[in-house]
There are 2 protein chains.
Amino acid sequence: MDHQLPAQPAPGRTHDPEGVRRNILAIATAEFAEKGFSGARVDEIAAKINTSKRMIYYYFKDKEGLFVAVLEEAYARIRRIERDLNLDGLSPVDALARLTGFTFEYQSENADFVRLVMVENIHHAVHLARSERMQSLNVSVLQVLEDVYRRGVAEGVFRDGIDVVDIHMTMSALSFFNVSNRATFSAIFKRDMVSPEAFTRRRQVVVETVLRYVAR
Amino acid sequence: MDHQLPAQPAPGRTHDPEGVRRNILAIATAEFAEKGFSGARVDEIAAKINTSKRMIYYYFKDKEGLFVAVLEEAYARIRRIERDLNLDGLSPVDALARLTGFTFEYQSENADFVRLVMVENIHHAVHLARSERMQSLNVSVLQVLEDVYRRGVAEGVFRDGIDVVDIHMTMSALSFFNVSNRATFSAIFKRDMVSPEAFTRRRQVVVETVLRYVAR
DNA sequence: GTTAAAATGTACGAACTAGTCCGTTTTCGC
DNA sequence: GCGAAAACGGACTAGTTCGTACATTTTAAC
């Protein structure tokens, strides 16, 4: 959501299309993540942006178009960071631990992303299906994981015959759930899930769970 | 959602309060699970029930009251079945495998339950917080797990020092994610997640993941 | 049988909500 | 500078959505 395009319009300029676009996206992201697609109100988003409601329709066509753009931006961001993890220098075990730990941390720190994905799943991923960028955006994560796994098998530290999609799914599920189900889970079991201690503790459990699954 | 109260009104009777109540709950459950709280329409639910919209407000006060009742019923049902699993006769390893497998199966077969919990989490569990029944409804699952774990440690097949809430969380997360994120995950990775084969395969991975985590 | 309470049906309204109409201002190529 | 296109603002509307006012029927207690 940051550092990719001019944050300020050229001096002496009142029109700033890209800034307007990004401002709308930022506000809409927060609003959709907070209230869901149906719960979010276009008027509410309009009231919070620096420009007028008219601009939402000008740039994104309609409420659904806006949501699709929000989703694309959110996925693009996590994959962008993931690619920069640079796991090549690490041993397979360390690399897998790092990747798992990153996933857990990223999702914990970006509850908006998690909540947007929840919302999209409630809507059976119809918006996501409409976006061609999506698949190409997400192949990288499997490539990174495949690399690490192959090295681990070759070195004899991981057992053979595991599907990397399963590893990714386990990793994602454990990280995702910690945010997505935080409200109900902590309400039911009176469990602290937000303090730094709880975060570190659970992070360790998740990493260990993944490592134990692939270990020989 | 079934077999607990007279399904038919007494013969020669036109009024059937309990039947009306259950009819509304069943329809509302499907509707909220499908569209979410904000997305569901009271008028739509009203159109599908055997009685009139007036009755929704008569029995449940308002849309929120209806949703709370739907949630309570959904949680009560899973815990009811869970208690009847009868794991005492099994070895600790078999019992834990059985409990994990059950959780996975139940959530797979009851997507409505999973989706309702997602919806409630989007709303920060405000409805759930309002229900006192909730906590008492859910303690049983931890007791069952605690029993199995203690036996496993005593017999030397499980390592010591694990928090059972962590085991439950892992178990739930892996089972939950398989349903909650099915739409986005299968759209992004083009992965079959619904066929009987995919179900059995993933079930095995989940059970193994949990067992390997507690193993010595 | 009478009567109060419980259970039910119908029509309607006030508030909200997504999206548009109509117009103005700013930018930029020539 | 000029004209066309891009960028923008504000008021308005058609349709929807939750909830209720008003009225009726059924049940159960005495």
Side-chain angles (χ1 to χ4, degrees), chain A residues 5-32 34-70 119 123 126-127 130, chain B residues 5-32 34-70 119 123 126-127 130:
Chain A
L5 275 159
Q8 298 290 335
R13 218 162 234 272
T14 61
H15 279 2
D16 175 26
E18 195 51 39
V20 168
R21 227 189 112 91
R22 291 198 293 130
N23 173 239
I24 295 175
L25 270 183
I27 302 290
T29 296
E31 201 69 13
F32 282 129
E34 178 58 29
K35 318 256 184 75
F37 178 75
S38 310
R41 299 297 167 217
V42 176
D43 281 347
E44 192 110 337
I45 295 171
K48 291 179 182 170
I49 58 183
N50 296 331
T51 174
S52 72
K53 182 163 80 156
R54 175 73 180 68
M55 288 300 95
I56 295 174
Y57 294 93
Y58 184 69
Y59 285 110
F60 302 101
K61 181 169 186 327
D62 57 14
K63 191 181 179 183
E64 295 215 344
L66 178 57
F67 187 67
V68 170
V70 164
V119 168
H123 291 270
V126 289
H127 311 98
R130 186 196 292 189
Chain B
L5 275 161
Q8 296 291 333
R13 217 163 234 271
T14 61
H15 279 2
D16 174 26
E18 195 53 37
V20 168
R21 226 188 114 90
R22 291 197 295 130
N23 173 239
I24 295 175
L25 270 184
I27 303 289
T29 296
E31 201 69 12
F32 281 129
E34 178 59 28
K35 317 255 186 76
F37 178 75
S38 309
R41 300 295 167 219
V42 176
D43 282 348
E44 193 111 334
I45 295 171
K48 291 179 181 171
I49 57 184
N50 298 329
T51 173
S52 71
K53 183 165 74 157
R54 174 74 179 70
M55 289 298 95
I56 294 174
Y57 293 94
Y58 185 69
Y59 285 112
F60 303 100
K61 183 167 188 314
D62 57 14
K63 192 182 178 183
E64 296 215 345
L66 178 58
F67 187 67
V68 170
V70 163
V119 169
H123 291 269
V126 288
H127 310 98
R130 185 197 291 189

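Throughout, protein chains are lettered first and strands after them, A, B, ... in sequence-line order, and every chain is numbered starting at 1. Fair warning: this is a prediction, and the values are worked out from it, not measured in the lab.
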TODO: Taking the side chain as every heavy atom from C-beta outward, state whether Leu66(B) and Phe32(B) have any atom pair closer than 4.5 Å.
DONE: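 The answer is yes, as the side chains (C-beta and beyond) meet within the 4.5 Å cut-off.
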How far does [atom1] of [X] sit from [atom2] of [Y], to the nearest 0.5 angstrom?
X: Arg22(B); Y: Asp16(B); atom1: CZ; atom2: CG; result: 8.0 Å
X: Ile45(B); Y: Lys63(B); atom1: CD1; atom2: NZ; result: 7.5 Å
X: Thr51(A); Y: Tyr59(A); atom1: OG1; atom2: OH; result: 8.0 Å

In this structure, how many angstroms lie between the [atom2] atom of [N] and the [atom1] atom of [X], rounded?
X: Glu31(B); N: dC18(D); atom1: CD; atom2: P; value: 10 Å
X: Ile49(A); N: dG10(D); atom1: CD1; atom2: P; value: 11 Å
X: Glu18(A); N: dT27(C); atom1: CD; atom2: P; value: 16 Å
X: Asn23(B); N: dA7(C); atom1: CG; atom2: C1'; value: 15 Å
X: His15(A); N: dA5(D); atom1: NE2; atom2: P; value: 16 Å
X: Lys53(A); N: dT17(C); atom1: NZ; atom2: P; value: 10 Å
X: Met55(A); N: dG9(D); atom1: CE; atom2: C1'; value: 8 Å
X: Asp16(B); N: dT26(D); atom1: CG; atom2: C1'; value: 13 Å

Task: Closest listed nucleotide, where the reference is the side chain of Arg54(B) and the choices are dT26(C), dA21(D), dA7(C) - done: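 The closest nucleotide is dA21(D).
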- [ ] For Ile24(A) and Phe60(A), run side chain to side chain contact (heavy atoms under 4.5 Å, CB included): C-alpha distance rounded to whole Å, both residues' side-chain angles, the deciding distance at 0.1 Å, then the answer.
- [x] CA-CA 10 Å; Ile24(A) 295 175; Phe60(A) 302 101; 3.6 Å; yes
TODO: Name every residue in residues 57-69 of chain A that has at least one heavy atom under 4.0 Å from any atom of DNA chain C, in order of residue number, or write none if there are no such residues.
DONE: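 Within this stretch, Tyr57(A), Asp62(A), Lys63(A) sit under 4.0 Å of the strand.
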Enumerate donor-acceptor pairs with a distance under 3.5 Å from any side-chain N or O in residues 36-44 of chain A to protein atoms, sequence neighbours excluded.
{"residue": "Arg41(A)", "atom": "NH1", "partner": "Ser38(A)", "partner atom": "O", "Å": "3.0"}
{"residue": "Asp43(A)", "atom": "OD1", "partner": "Lys53(A)", "partner atom": "NZ", "Å": "2.8"}
{"residue": "Glu44(A)", "atom": "OE2", "partner": "Lys35(A)", "partner atom": "NZ", "Å": "3.4"}

Open item on the list: Run Asn50(A) and Val20(A) through side chain to side chain contact (heavy atoms under 4.5 Å, CB included) and show every step you take.
Closed with: CA-CA 8 Å; Asn50(A) 296 331; Val20(A) 168; over 6 Å; no
Task: Members of residues 39-48 of chain B that approach DNA chain D, where some heavy atom sits under 4.0 Å away - done: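 Here the set is Ala40(B), Arg41(B), Val42(B), Asp43(B).
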Open item on the list: Which heavy atom of Val119(B) sits nearest to which heavy atom of Phe67(B), and what is that distance?
Closed with: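 Here Val119(B) and Phe67(B) meet closest at CG1-CZ, 3.7 Å.
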Task: Contact summary for Val70(B) and Ala28(B), nearest pair of heavy atoms - done: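 Closest approach of Val70(B) to Ala28(B): CG2-CB, 3.9 Å.
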